[in-house]
Amino acid sequence: MIRLATRLAEGIASGLAALSLSATTLFAACEGTDLINALPAHQKEALVARAAQQPHATGILWHAVRGDARITLFGTFHLRHDATEAHLAALSPFIDAADAVYLELSNADAEALQVELANDPSLMFLTEGPTLPDLLGDADWARLAEEFKSRNIPPFIAARFKPIWAAMMLGLGPCEAQSGALEAKGIDTLIGAYAAQAGKPSQSLEDGAAILRSLDDVPQEKQLDMLRLFFDLTIDPDDLMYTTKARYLSQEIALLWEYSRKVSLEGGGDSAQEDFDMFEEALLTKRNRDWVSMMTSDGFSGDIFVAVGAAHLPGDRGVLNLLESKGFRITPLPFSP
């Protein structure tokens, strides 16, 4: 779920890392097992086939052109990885050529969101009423507290997470957290900094605080189910993050999303499909529609550079297909820095 949290999770996680009692400041790569390769052959073949049917299934750099609107879209991985600096270097000519640069949340707005969160912690935390130990019970809370400790998040802080945010934070494996992934600057932040140096400060595609508030529409019991689901998973979180990074770097974005769907549906119980659809709509699909509405407005013209989480790009309801339905010509660009 941390992938779906996108830039919001990166900015907020940075604040949590600053509060952590033992956060490591040196970023280091973590090893792991590719869980897609580890699937039985027939399951992997079916997964690959489903992903291949999706529009714009592979690739993370694209051109979308309609009239005088020329958009370069880059699909990001929000946390730092081994190729982050190389990606920035390869993207810099596109940023230099752009008239404007858009991120999910601009660097300035990300900083403002952290200030707003400090002033109104209820955006992310349970500030009144029962906390997670009360809501989960002693046994489940004890297990959860140990998971947060392994990620350098003190349990006294984690106890007041809203359940949905606790679940998202668990999407980051312990190795990544201990290696400084929460503190290291991801590509979104670096793109924003580079654009500012080039005299074109990044702009936001959405209101970060509004996205946070929208998550409150998810019933609390559903949020708690997300946390309880974590206890039933048979896969290692570090292996899951390793798989996510590896498949992102090989630009198999639709395959990665289909694997996420498979894991969620197989471990989510009777309401798994309904729950997955609800979170997909809230954290992915609705935002895609809102962004495309902005990108197709009269003010979105000239050469525009847009960077959003890679999961937003492929699929029937992905940004690329939605733009194509609005008359944009979509072209993949080679990207192998």
Side-chain angles (χ1 to χ4, degrees), residues 3-4 6-7 34 36 47-78 81-104 186-188 190-191 194-195 202 205 243-261 280 284-285 287-289 291-296 300-337:
R3 292 277 302 137
L4 293 178
T6 63
R7 182 70 184 279
D34 187 322
I36 295 177
L47 195 70
V48 170
R50 285 200 300 273
Q53 294 172 0
Q54 298 295 320
H56 315 298
T58 60
I60 56 175
L61 187 64
W62 302 79
H63 265 161
V65 178
R66 186 186 71 176
D68 60 357
R70 299 172 298 277
I71 307 173
T72 301
L73 294 114
F74 177 68
T76 72
F77 185 91
H78 296 299
H81 53 77
D82 292 344
T84 295
E85 296 290 348
H87 281 192
L88 180 65
L91 294 171
S92 59
F94 296 99
I95 300 172
D96 290 337
D99 299 314
V101 174
Y102 283 83
L103 303 171
E104 294 177 25
I187 189 68
D188 306 77
L190 296 180
I191 288 172
Y194 184 90
S202 57
L205 288 171
T243 303
T244 301
K245 287 198 294 185
R247 296 295 173 164
Y248 169 78
L249 290 173
S250 61
Q251 303 185 31
E252 298 169 286
I253 310 305
L255 177 61
L256 187 55
W257 186 249
E258 287 301 321
Y259 180 72
S260 299
R261 186 192 307 275
E280 184 179 33
L284 206 72
T285 309
R287 296 166 73 200
N288 292 350
R289 293 195 300 266
W291 297 346
V292 168
S293 178
M294 179 183 292
M295 292 181 206
T296 54
F300 225 82
S301 61
D303 291 300
I304 310 293
F305 182 89
V306 174
V308 297
H312 291 276
L313 298 183
D316 290 331
R317 294 175 292 179
V319 167
L320 294 172
N321 202 52
L322 292 176
L323 285 172
E324 197 165 43
S325 72
K326 299 292 186 180
F328 278 80
R329 184 176 71 256
I330 306 297
T331 307
L333 298 177
F335 191 72
S336 54

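We number each residue from 1, following the sequence as shown.
- For S293 (side chain) and R289 (main-chain N/O), no donor-acceptor pair under 3.5 Å exists by modelled atom type.
- A 4.5 Å side-chain heavy-atom check between T58 and I253 finds every atom pair outside the cut-off.
- Remark: D96 pairs with Y194 by the side-chain hydrogen bond (donor to acceptor under 3.5 Å, both in side chains) rule, at least two apart or across chains.
- Residues satisfying the side-chain hydrogen bond (donor to acceptor under 3.5 Å, both in side chains) test with H87, not counting sequence neighbours, are none.
- N321 approaches P55 most closely through the heavy-atom pair OD1-CB, 3.8 Å.
- Residues M295 and L323 form a side-chain contact, since some pair of their non-hydrogen atoms from C-beta on lies under 4.5 Å apart.
- A side-chain donor-acceptor contact under 3.5 Å links R66 to the backbone of K326.
- For the atom pair T285 OG1 and H312 NE2, the distance stands at 9.0 Å (nearest 0.5 Å).
- Ring pair F74/F94: centre-to-centre distance not below 6.0 Å.
- Counting heavy atoms from C-beta outward, L88 and I191 have side chains that approach closer than 4.5 Å.
- Under the 3.5 Å distance criterion, the side-chain polar atoms of D99 are matched with a main-chain donor or acceptor of D303.
- Between the CD1 atom in I71 and the NE2 atom in H63 there is a gap of 10.0 Å [rounded to 0.5 Å].
- A donor and an acceptor atom, one from each side chain of D68 and S301, are nowhere located under 3.5 Å apart.
- In this structure a side-chain-to-backbone donor-acceptor pair under 3.5 Å is present from Q251 to F335.
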- Chi angles and distances behind the side-chain contact (heavy atoms from CB on, under 4.5 Å) call for T72, L61: CA-CA 7 Å; T72 301; L61 187 64; 3.8 Å; yes
- Report the C-alpha separation of K245 and D82 in whole Å, then their side-chain angles, then the decisive distance to 0.1 Å, and conclude whether the side-chain contact (heavy atoms from CB on, under 4.5 Å) test is met. CA-CA 9 Å; K245 287 198 294 185; D82 292 344; 5.7 Å; no
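- The minimum heavy-atom distance linking A83 with L249 is given by the pair CB-CD2, 4.0 Å.
- You'll find the side chain of V319 reaches within 4.5 Å of the side chain of W291, heavy atoms only.
- Between A100 and Y102, the shortest heavy-atom contact is CB-CE1, 4.0 Å.
- By the side-chain hydrogen bond (donor to acceptor under 3.5 Å, both in side chains) test, S250 is found to be paired with E252, residues two or more places apart in sequence or in another chain being considered.
- Within 6.0 Å of atom CZ in R317, 12 or fewer heavy atoms from other residues, nucleotides or ligands are found, so the atom counts as exposed in its surroundings.
- One finds the CG atom of L103 at 8.5 Å from the OG1 atom of T76 (value rounded to the nearest 0.5 Å).
- When all heavy atoms of G318 and N288 are compared, the pair lying nearest together is CA-ND2, 3.8 Å.
- Taking each heavy atom of D188 and F77 in turn, the nearest pair found is OD1-O, 4.4 Å.
- Side-chain contact between E280 and R261 is present, with at least one heavy-atom pair separated by less than 4.5 Å.
- Contact detail for A57 and P314: the closest heavy-atom pair is CA-CB, 4.2 Å.
- Once rounded to the nearest 0.5 Å, the distance linking CD1 of I187 with NE2 of H78 reads 11.5 Å.
- In this structure, the side chains of I304 and V306 come closer than 4.5 Å at one or more pairs of heavy atoms.
- Within the model, atoms CZ of F328 and CG of L73 stand 9.0 Å from one another, a figure rounded to the nearest 0.5 Å.
- Summarising the geometry, atom NE2 belonging to H56 is positioned 5.5 Å from atom CD1 belonging to I330; distances are rounded to the nearest 0.5 Å.
- Salt-bridge check for R329 with E324: failed, with every basic side-chain N at 4.0 Å or more from each acidic carboxylate O.
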- Message: The test is side-chain contact (heavy atoms from CB on, under 4.5 Å); show your working for Y248 and H81 and say whether it passes.
- Response: CA-CA 10 Å; Y248 169 78; H81 53 77; 3.9 Å; yes
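- Residues D34 and R247 are paired through a salt bridge, judged by an N-O separation under 4.0 Å between the basic side chain and the carboxylate.
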